[in-house]
**Student:** 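Sharing a structure with you now.
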Amino acid sequence: MCDLPNTFNIIVAAGSGSRFGAYLPKQFCLLAGRPVLFHTIEAFRRALPGGEILLVISDAHRDLWHGLCDRHGFESPLIVGGGASRWESVRNAVMAIEAPTSGDVITVHDGARPLVSDRVIREAVIAAARDGVDGAVPAVPVTDSVRMLDDDGGSVPLVRQRLRAVQTPQAFPAHLLREAYELPFSTEFTDDASVMSAAGHCGIVLTEGSCENIKITHPDDLALAEMILARREGSAVRTV
């Protein structure tokens with residue numbers, strides 16, 4: 001494996017979890033007996049042991065988070081206050097990174113993707129550090145048939161073989177991402193790669209994602225994540 005660049009890893013977990021429908025935001029719900037965020041943070045500590053982690057959570061959840069860390073004996077990364085939107089939350093973290101150099105890489109990852117693998121993380125980071133690359137985004141093929149809505153309410157089919165579903169972590173040269181987040185907010189910013197494109201940095205490459213790198217959005221996703229974790233643990237035991 002080639003040498004990894006210095007990384008600043010932003011884990012975004014400031015959402016309210018309104019779609020999740022539970023009394024707790026999804027990032028704080030238990031997965032295999034421990035909060036989802038613990039699994040996400042540990043994935044980055046394993047994959048990039050020398051990297052710095054910035055955890056973005058809302059001020060309203062700081063006490064909850066510190067209570068969970070105390071209860072489970074978990075060491076929290078550096079905390080950055082979240083904003084009113086994901087864009088603002090990421091921007092807060094990006095601007096909290098002091099004087100990144102041209103060789104540094106920033107990754108941005110959803111806190112509700114706790115099953116991201118070492119491979120997915122490292123491949124994105126390595127690709128983003130290559131000369132002439134403006135960023136790297138893990139992606140997987142779209143398996144369902146898809147249609148695009150017309151303005152009149154109709155729809156047209158799209159060729160799914162040419163479509164990819166993007167995941168996180170998305171990785172970028174640190175100085176370029178910081179420059180991009182100086183732009184004013186736009187409703188067209190659906191992820192960090194779209195912010196980079198708006199700033200004129202269009203050399204984004206796709207890296208191999210994983211079907212296991214699911215984003216927990218609904219309660220059923222927790223059950224699926226439990227199954228994936230159990231299978232991984234079983235495989236690890238069999239190979240020992």
Side-chain angles (χ1 to χ4, degrees), residues 10-22 24-27 29 36 40 56 58 82-94 107-116 120 123-124 127-128 133-172 176-177 180-225 227-228:
I10 299 170
I11 297 177
V12 189
S16 63
S18 57
R19 287 183 294 173
F20 190 70
L24 277 179
K26 56 196 174 186
Q27 62 268 30
C29 289
V36 166
T40 309
V56 187
S58 70
S85 64
R86 186 186 187 281
W87 173 86
E88 187 176 345
S89 292
V90 175
R91 186 182 188 279
N92 288 350
V94 169
T107 72
V108 185
H109 186 65
D110 298 320
R113 289 187 189 269
L115 304 181
V116 62
V120 170
E123 284 188 4
V133 173
D134 292 334
V137 176
V140 293
V142 174
T143 56
D144 293 329
S145 295
V146 291
R147 299 182 70 87
M148 183 173 66
L149 295 177
D150 293 328
D151 292 338
D152 61 4
S155 64
V156 295
L158 299 178
V159 181
R160 70 182 180 192
Q161 288 82 359
R162 300 182 63 183
L163 300 176
R164 295 294 182 269
V166 301
Q167 300 179 336
T168 64
Q170 300 185 1
F172 310 93
L176 295 184
L177 188 64
Y181 266 95
E182 292 176 353
L183 291 174
F185 174 73
S186 168
T187 56
E188 296 181 358
F189 295 160
T190 56
D191 62 1
D192 307 289
S194 63
V195 178
M196 288 286 286
S197 295
H201 305 303
C202 299
I204 307 293
V205 299
L206 297 183
T207 57
E208 185 180 353
S210 169
C211 61
E212 292 187 351
N213 186 20
I214 63 172
K215 184 176 182 181
I216 295 174
T217 306
H218 304 288
D220 286 348
D221 297 329
L222 273 177
L224 176 58
M227 293 173 59
I228 295 172

**Student:** Looking only at atom types and distance, does a side-chain atom of T207 sit under 3.5 Å from a main-chain N or O of A136, one as donor and one as acceptor?
**Tutor:**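 Not a single qualifying donor-acceptor pair exists.
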**Student:** Can you confirm whether V120 sits close enough to P169 that some side-chain heavy atom of one is under 4.5 Å from a side-chain heavy atom of the other?
**Tutor:**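 Result yes, sub-4.5 Å side-chain heavy-atom pair found.
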**Student:** Between CG of D220 and NE2 of H218, what distance do you get to the nearest 0.5 Å?
**Tutor:**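 One gets 8.5 Å once the value is rounded to the nearest 0.5 Å.
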**Student:** Would you give the length of the straight line joining atom CD of Q170 to atom CG of L177, rounded to the nearest 0.5 angstrom?
**Tutor:**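 It is 9.5 Å, given to the nearest 0.5 Å.
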**Student:** Using the side chain to side chain donor-acceptor pair (under 3.5 Å) criterion, which residues pair with R147? Sequence neighbours excluded.
**Tutor:**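 Once residues adjacent in sequence are excluded, the partners of R147 under the side chain to side chain donor-acceptor pair (under 3.5 Å) criterion are S155.
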**Student:** For S58, give me all partners under side chain to side chain donor-acceptor pair (under 3.5 Å), at least two apart in sequence or on another chain.
**Tutor:**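 Here the qualifying residues are H61.
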**Student:** Going by heavy atoms in the side chains, are P114 and V36 under 4.5 Å from each other?
**Tutor:**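 They are in side-chain contact.
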**Student:** Looking only at non-hydrogen atoms, find the nearest pair between E88 and A84 and report the distance.
**Tutor:**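 Taking E88 first and A84 second, the nearest heavy atoms are OE1-N, 3.2 Å.
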**Student:** Do N92 and V56 have side chains that approach each other closer than 4.5 Å (heavy atoms only, starting at C-beta)?
**Tutor:**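 A side-chain contact under 4.5 Å is absent here.
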**Student:** What are the two closest heavy atoms between T168 and H109, and how far apart are they?
**Tutor:**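 Shortest heavy-atom separation between T168 and H109 comes out as OG1-ND1, 2.8 Å.
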**Student:** Within the distance-only criterion (no hydrogens, no angle test), does the side chain of D221 pair as donor or acceptor with the backbone N or O of I216 below 3.5 angstrom?
**Tutor:**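 Not at all, since once roles are kept as given, no pair shorter than 3.5 Å links the two residues.
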**Student:** Under the rule for side chain to side chain contact (heavy atoms under 4.5 Å, CB included), what residues qualify as partners of I228, not counting sequence neighbours?
**Tutor:**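 Listed in chain order: L115, E212, I214, L224, R231, R232.
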**Student:** For Q167 and P138, indicate whether the former's side chain and the latter's backbone hold a donor-acceptor pair under 3.5 Å.
**Tutor:**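 Checked: no pair found.
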**Student:** Taking only residues two or more places apart in sequence, or in another chain, which ones meet D150 in a side chain to side chain contact (heavy atoms under 4.5 Å, CB included)?
**Tutor:**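 D150 satisfies side chain to side chain contact (heavy atoms under 4.5 Å, CB included) with D152, V156 once adjacent residues are dropped.
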**Student:** How would you list, by chain and number, every residue that makes a side chain to side chain contact (heavy atoms under 4.5 Å, CB included) with M227, sequence neighbours excluded?
**Tutor:**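 Counting only residues at least two positions away or on another chain, M227 forms no side chain to side chain contact (heavy atoms under 4.5 Å, CB included).
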**Student:** If the condition is side chain to side chain donor-acceptor pair (under 3.5 Å), which residues does S186 pass it with, not counting sequence neighbours?
**Tutor:**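 In terms of side chain to side chain donor-acceptor pair (under 3.5 Å), with neighbours along the sequence ignored, S186 is linked to no residue.
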**Student:** Backbone N or O of E182 within a donor-acceptor pair of the R91 side chain at under 3.5 Å?
**Tutor:**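 Flag not set: sc R91 to bb E182 has no pair under 3.5 Å.
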**Student:** So, taking the atom named CZ in R164 and the one named CG in L206, what distance separates them when rounded to the nearest 0.5 Å?
**Tutor:**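 Between R164 CZ and L206 CG, I get 8.0 Å after rounding to 0.5 Å.
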**Student:** Please list all pairs meeting salt bridge (Lys or Arg N to Asp or Glu O under 4.0 Å) that have one or both residues in residues 184-210, counting only residues at least two apart or in different chains.
**Tutor:**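 Pairs touching residues 184-210 that pass the test: R86-D192, R119-E208.
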**Student:** Please name the pair of heavy atoms, one in F172 and one in A193, separated by the smallest distance, quoted to 0.1 Å.
**Tutor:**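 Closest pair (atom of F172, atom of A193, distance): CZ-N, 3.7 Å.
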**Student:** Please name the pair of heavy atoms, one in V133 and one in A127, separated by the smallest distance, quoted to 0.1 Å.
**Tutor:**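 Looking at all heavy atoms of both residues, the closest pair is CG1-O, 3.4 Å.
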**Student:** For C211 and V140, what are the C-alpha separation, side-chain angles and deciding distance, and is it a side chain to side chain contact (heavy atoms under 4.5 Å, CB included)?
**Tutor:** CA-CA 7 Å; C211 61; V140 293; 5.5 Å; no
**Student:** Could you pull out the closest heavy-atom pair between V195 and W87, with the gap in Å?
**Tutor:**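 Looks like CG2-CD1, 4.0 Å.
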**Student:** Taking all heavy atoms of F189 and all of A198, pick out the closest pair and write down the distance.
**Tutor:**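 Closest pair (atom of F189, atom of A198, distance): CE2-CB, 3.4 Å.
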**Student:** With rounding to the nearest 0.5 angstrom, report the NZ to CG distance, K215 to N213.
**Tutor:**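 The NZ atom of K215 sits 11.0 Å away from the CG atom of N213.
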**Student:** Mind checking the OG1-CG spacing from T217 to D110? Nearest 0.5 Å is all I need.
**Tutor:**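 One gets 8.5 Å once the value is rounded to the nearest 0.5 Å.
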**Student:** Please name all residues satisfying side chain to side chain contact (heavy atoms under 4.5 Å, CB included) with A13, sequence neighbours left out, ordered by chain then number.
**Tutor:**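 Side chain to side chain contact (heavy atoms under 4.5 Å, CB included) list for A13, sorted by chain: Q27, L37, L55, I57.
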**Student:** So, using side chain to side chain donor-acceptor pair (under 3.5 Å) as the criterion, who are the partners of T107 when residues are at least two apart?
**Tutor:**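 With neighbours one apart ignored, the set is N9.
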